[in-house]
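Keep in mind that what you see is a predicted model, and the values were worked out from it rather than measured. Throughout, a chain's letter reflects where its sequence line sits, starting with A, and its residues are numbered from 1.
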There are 2 protein chains.
Amino acid sequence: MAVPRAAKTQRRTRIQGEKEELILEAALDVFSVSGFRGTTIDQIAEAAGMSKPNLLYYFRTKEAIHRQLIDRVLFTWLEPLRAFNAEGNPESEIRSYIRRKLEMARDFPRESRLFANEVLQGAPHIEDELKGPLKELVDEKAEVIRAWARAGKIAKCDPYHLIFSIWSTTQHYADFDVQVRAVLGQSYAGEGRFEDAARFLEQLFMDGLRVRTS
Amino acid sequence: MAVPRAAKTQRRTRIQGEKEELILEAALDVFSVSGFRGTTIDQIAEAAGMSKPNLLYYFRTKEAIHRQLIDRVLFTWLEPLRAFNAEGNPESEIRSYIRRKLEMARDFPRESRLFANEVLQGAPHIEDELKGPLKELVDEKAEVIRAWARAGKIAKCDPYHLIFSIWSTTQHYADFDVQVRAVLGQSYAGEGRFEDAARFLEQLFMDGLRVRTS
DNA sequence: GTAATGTTTTACCAACCGGTCAAATTATCG
DNA sequence: CGATAATTTGACCGGTTGGTAAAACATTAC
């Protein structure tokens, strides 16, 4: 007799781990393009190379898959911000934050789009996480930035909007990739656009934040 | 006998104009939140206060509604960029472009999200418009910016990434509104965040573009 | 081996979805 | 008014969707 699914967390088999990972990988592909409602279980199952009932043996509902993906993304997504170091050199901290966020947009575009889809649709599944852990982390780092400005190490500016603008400019290259490619044309079929973007953003933010002695 | 729908463009009645507008308004509400696939005709019909077959009397398919909305948005969305004037003062042209884009994010968030949803999902319905008219317009304005830089009127920078960063930072306040509100907290329940954002973005871009004489 | 447990498949269902049809109702115009 | 055209409705349809039940099959432990 099959173990009821509620007990699955007690004993994990080799196959369970493998298949669950396979499903999450496939689901990320589909969810990140089609959003939650636009994605069907069949699509995920096909992408994972298994039948729908088989998939539903590992995840009871479509929501369960989505929730697990969102939870993971939410965690890794904030990694660069967490690494933001109050003791470090302000300029290089901000510079490397921008660079790391841009690298994530390049290397994990599906994760970025999954998150964008979710927030765009009103963040129905993660409202609490946004208002809780996310807000607290941003509050903390905003205070760091504000302290740097007070100490005259960088130009005075609103730290929250600074963070928003770093998020938006970097994630743009993942979320609006189709548009970026369309506008830049075939000459940017490779990944040169990410290097150009890095140069541009670095200049933009660094010049804007440099303390003006005039 | 009812006029076949193909002939509708020939004679337009009062009711037709009113109802079509009503439907498009309702559809914008739903599409902008749920995306194309996530939206059902029933949802639009209910939001428009009519039955599904009644709605389908005015628009033959769900695609038809979506297409018309997208076409409208695409046009008005580029209005600020079109207004970009090569003969004007570089600094004030860029400054007012930023301001106008931010005003659009504030006043037409649904339109912004409709567009974002579409691009995020790979722009299946508007790929041609992106690669054609949009690219041409951006190419033209990018050349203007490049000329300004060559003439020493603004700092040298990649004009395409400059435009991308203006798009992303301004639209962020519409597309990621939930997140922005969550992070800023209740103190920003009103629209003060748009004024703060305007101040911040103006400083960021203007300082970054100002010609450095050092 | 064999029994217990874990995995996969086949068949299925009720709800929903986009869309049609024909009849009923309402507005327009002479 | 009456006729004609425009609008609205309810009943319906084939296909899809999220999810279930149960039996067949595979794996593991003894």
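- Partners of B/Glu87 by salt bridge (charged side-chain N to carboxylate O under 4.0 Å, His left out), not counting sequence neighbours: none found.
- OP1 or OP2 of C/dT9 has at least one side-chain nitrogen or oxygen of A/Ser51 nearer than 4.0 Å.
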Kindly list each side-chain donor-acceptor pair under 3.5 angstrom involving residues 97-108 of chain B, sequence neighbours excluded, with atom names and distances?
residue: B/Tyr97; atom: OH; partner: B/Trp167; partner atom: NE1; Å: 2.9

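- Checking D/dT8, C/dT20, C/dA11 against every side-chain atom of B/Tyr58, the shortest atom distance belongs to D/dT8.
- Residues meeting the side-chain contact (heavy atoms from CB on, under 4.5 Å) test with A/Pro133, sequence neighbours left out: none.
- For A/Glu46, there are no salt bridge (charged side-chain N to carboxylate O under 4.0 Å, His left out) partners two or more places apart in sequence or in a different chain.
- Nucleotide D/dT8 holds its C1' atom 15 Å from the CD atom of B/Glu18, rounded to whole Å.
- When distances are taken from the side chain of A/Thr61 to each of C/dA11, C/dG19, D/dG19, the shortest belongs to D/dG19.
- By the side-chain hydrogen bond (donor to acceptor under 3.5 Å, both in side chains) test, A/His172 is found to be paired with no residue, residues two or more places apart in sequence or in another chain being considered.
- Applying a 4.0 Å cut-off to non-hydrogen atoms, the residues of residues 29-48 of chain A that approach DNA chain D are A/Thr39, A/Thr40, A/Ile41, listed by residue number.
- Straight-line distance from the CD atom of A/Glu63 to the P atom of D/dT17: 16 Å, rounded to whole Å.
- The base of D/dG18 lies close enough to the side chain of A/Lys52 for a donor and an acceptor atom to sit less than 3.5 Å apart.
- Put simply, B/Asn54 has a side-chain N or O that comes within less than 4.0 Å of OP1 or OP2 on D/dT9.
- Atoms CG (A/Leu56) and C1' (C/dT7) sit 14 Å apart, rounded to a whole Å.
- Taking only side-chain nitrogens and oxygens, B/Gln16 comes nearer than 4.0 Å to OP1 or OP2 of D/dT7.
- In terms of phosphate contacts, A/Tyr57 brings a side-chain nitrogen or oxygen within less than 4.0 Å of OP1 or OP2 of C/dT7.
- Between B/Glu118 and B/Arg37 there is no salt bridge, since no side-chain N of the basic residue sits under 4.0 Å from a carboxylate O of the acidic one.
- Between A/Asp158 and B/Arg199, no side-chain nitrogen of the basic residue sits less than 4.0 Å from a carboxylate oxygen of the acidic one, so the salt-bridge criterion is not met.
- Contacts of A/Lys19 with the nucleic acid, taken as non-hydrogen atoms under 4.0 Å apart, involve only primed sugar atoms and P, OP1 or OP2.
- For A/Leu55 and C/dT7, the CG to C1' distance is 13 Å, given to the nearest whole Å.
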